[in-house]
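Working notes for the structure below.
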Amino acid sequence: MLIKSKAIVIKCVKYGEQKLIVDMYTEQLGRITTAVKISHSKKSKMRNMFFRPLTMLMIETDYRERMQMQRLNDVQMYMPWTSIQFDPMKMTVGMFLAEVLCYAVRQEQSDSMLFRFIEQSMQWLDTTEQNISNFHIVFLLHLTGILGFMPVHEDYTPHTIFDLRTGELAEHAPLHPDFLKETDTERMFQIMRITYANMHLFKMTRAERKRCLDTILYYYRLHLPSFPELKSLAVMNEIFD
């Protein structure tokens, strides 16, 4: 069945001399995996530059539901980046978020809300001239809502603690060690109010941002099976050092 769809590259691995194994999250089909034979010719439809992480593509595939590897008939870049590929900080953030999505977005079914969130977030990152030091924090927190485990924060009151396992506030510490103390809980729920539009106004020290990111990633590991330690985290910490 021929299907045309927008697609976001989330992982690309070289296979042999001329092939790439590419994971994409598509608007119509959800997550798919394709094997692509690349060419360095400028006239080729399958060029290496099309399959960099978080590249936005328009694809045509002869989709077969039971096949693990889908075949691409046509590929076009529908939203070329204007700054991400030239800005080392934006590029690093993009690589980090692509790795997050690789492990967080496993479902094969399509989710239009998830696709639009990723698409609009990357558009914002590409076009903004504001400080982006908190961008990945905002992205990760908003993504929890779409994936179904956003921290319950509407009923926050001072002197409560946040249970990382249940994602809820509590008046007393649980019997397990996975919770935030009062001061960390208060800080966490201040951060929950950050958006892309106002994130440049929210000041964090290097140590605070690292602690915040470590906590959010630990929260992901508690709620997503097999979510690993991320290889790109060390690069993220270095570039914001």
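Hydrogens, waters and symmetry mates are skipped; everything else that's a heavy atom, side chains included, is used. Note that the structure is predicted; figures quoted are calculated from it, not measured.
Transitive grouping of hydrophobic side chains (ILVMFWY, heavy atoms separated by less than 4.5 Å) brings Met113 and Ile118 into a common cluster. Transitive grouping of hydrophobic side chains (ILVMFWY, heavy atoms separated by less than 4.5 Å) brings Met150 and Leu97 into a common cluster. Residues Leu54 and Met58 are members of one and the same hydrophobic cluster, defined by side-chain heavy-atom contacts under 4.5 angstrom among Ile, Leu, Val, Met, Phe, Trp and Tyr. In this structure, Leu57 is not a member of the same hydrophobic cluster as Leu2, with clusters built from ILVMFWY side-chain heavy atoms closer than 4.5 Å. Hydrophobic cluster membership differs between Met69 and Val22, with clusters built from Ile, Leu, Val, Met, Phe, Trp and Tyr side chains linked at under 4.5 angstrom.
Using a 4.5 Å cut-off on side-chain heavy atoms (C-beta onward), Leu222 and Phe149 make no contact. Counting heavy atoms from C-beta outward, Pro53 and Ile10 have side chains that stay 4.5 Å or more apart. Looking at heavy atoms from C-beta onward, Phe115 lies out of side-chain contact with Thr26 at the 4.5 angstrom threshold. Put simply, the side chain of Met24 does not reach to within 4.5 Å of the side chain of Ile8, judged on heavy atoms. Between Leu29 and Ser5 there is no side-chain heavy-atom pair separated by less than 4.5 Å. Contact annotation: the side chain of Tyr25 approaches that of Asp111 to within less than 4.5 Å [non-hydrogen atoms, C-beta and beyond]. Side-chain contact between Val13 and Lys11 is present, with heavy atoms from C-beta onward closer than 4.5 Å. Two residues are said to be in side-chain contact when any heavy atoms from C-beta on lie closer than 4.5 Å; Thr33 and Ile21 meet this criterion.
To the nearest 0.5 angstrom, Gln190 atom CD is 5.5 Å from Phe202 atom CZ. With values rounded to the nearest 0.5 angstrom, Asp23 atom CG is found 10.0 Å from Arg106 atom CZ. The distance from the CG atom of Leu143 to the CG atom of Leu101 is 6.0 Å, given to the nearest 0.5 Å. Residue Leu141 holds its CG atom at 5.5 Å from CE of Met192, rounded to the nearest 0.5 Å. If you take OG1 on Thr195 and CH2 on Trp124, they are separated by 8.0 Å, rounding to the nearest 0.5 Å. Here Leu125 contributes atom CG and Gln130 contributes atom CD; the two are 11.5 Å apart, rounded to the nearest 0.5 Å.
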key: Verdict with reasoning, Asn134 to Arg209, per side-chain contact (heavy atoms from CB on, under 4.5 Å)   = CA-CA 8 Å; Asn134 294 326; Arg209 185 175 294 106; 3.1 Å; yes
Test log, rule side-chain contact (heavy atoms from CB on, under 4.5 Å), inputs Ile216 and Ile137 = CA-CA 8 Å; Ile216 294 172; Ile137 302 292; 3.9 Å; yes
query = Yes or no on side-chain contact (heavy atoms from CB on, under 4.5 Å) for Thr55 and Met77, after CA distance, side-chain angles and deciding distance?
reply = CA-CA 8 Å; Thr55 302; Met77 194 179 297; 4.0 Å; yes
message = If you apply the rule salt bridge (Lys or Arg N to Asp or Glu O under 4.0 Å), what do you find for Glu229 with Arg221, and how did you get there?
response = CA-CA 8 Å; Glu229 299 279 350; Arg221 287 195 292 275; 3.8 Å; yes
inquiry  = For a salt bridge (Lys or Arg N to Asp or Glu O under 4.0 Å) check, start with the C-alpha distance between Arg116 and Glu27, then their side-chain angles and the critical distance, and finish with the verdict.
reply    = CA-CA 8 Å; Arg116 286 197 303 271; Glu27 187 175 35; 6.0 Å; no
ask   = Going through the checks in order, is the ring-ring contact (aromatic ring centres under 6.0 Å, His included) test met by Phe139 and Tyr196?
value = CA-CA 8 Å; Phe139 184 98; Tyr196 295 140; 7.4 Å; no
request  = Kindly indicate, with the supporting measurements, whether the criterion side-chain contact (heavy atoms from CB on, under 4.5 Å) is fulfilled by Arg31 and Cys102.
outcome  = CA-CA 10 Å; Arg31 183 164 176 167; Cys102 182; 3.7 Å; yes
inquiry  = Please determine whether salt bridge (Lys or Arg N to Asp or Glu O under 4.0 Å) holds for the pair Asp74 and Lys4, giving the CA-CA distance in whole Å, both sets of side-chain angles, and the decisive distance to 0.1 Å.
reply    = CA-CA 9 Å; Asp74 189 39; Lys4 291 185 178 182; over 6 Å; no
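Between the side chain of Thr160 and the backbone N or O of Leu169 there is no donor-acceptor pair closer than 3.5 Å. Listed for the His223 side chain is a donor-acceptor partner under 3.5 Å among the backbone atoms of Leu164. Judged by distance alone, the side chain of Thr166 and the main-chain N or O of Glu168 form a donor-acceptor pair under 3.5 Å. Looking only at distances, no side-chain donor or acceptor of Gln85 sits under 3.5 Å from a matching main-chain atom of Thr82. With Thr61 contributing its side chain and Arg71 its backbone, the two residues share a donor-acceptor pair below 3.5 Å. Side chain of Asp126 to backbone of Gln123: no donor-acceptor contact under 3.5 angstrom is found.
Side-chain contact of Lys90 with Ser83: a donor-acceptor pair under 3.5 Å is present, judged by distance alone. Side chains of His176 and Asp163: a donor-acceptor N/O pair is present below 3.5 angstrom, by distance only. Judged by distance alone, the side chains of Glu99 and Ser232 do bring a donor and an acceptor atom under 3.5 Å apart. Inspection of the Tyr218 and Asp178 side chains reveals an N or O donor paired with an N or O acceptor under 3.5 Å.
Relative ring orientation between Phe96 and His136 is described as perpendicular, the plane-to-plane angle rising above 60° on a 0-90° scale split at 30° and 60°. The aromatic rings of Phe162 and Phe189 sit perpendicular, their planes meeting at an angle over 60°, well past the 30° parallel limit.
Counting non-hydrogen atoms of neighbouring residues, nucleotides and ligands closer than 6.0 angstrom, the CE atom of Met204 exceeds 12 such neighbours. Remark: Tyr15 OH is loosely packed, at most 12 non-hydrogen atoms of other residues, nucleotides or ligands lying under 6.0 Å away. Around NZ of Lys210, the count of heavy atoms belonging to other residues, nucleotides or ligands within 6.0 Å does not exceed 12. More than 12 non-hydrogen atoms from other residues, nucleotides or ligands lie less than 6.0 angstrom from CZ of Arg165.
In this structure, Val75 and Phe50 approach most closely via the heavy-atom pair CG1-CD1, 3.8 Å. Tyr103 approaches Pro228 most closely through the heavy-atom pair CG-CD, 3.5 Å.
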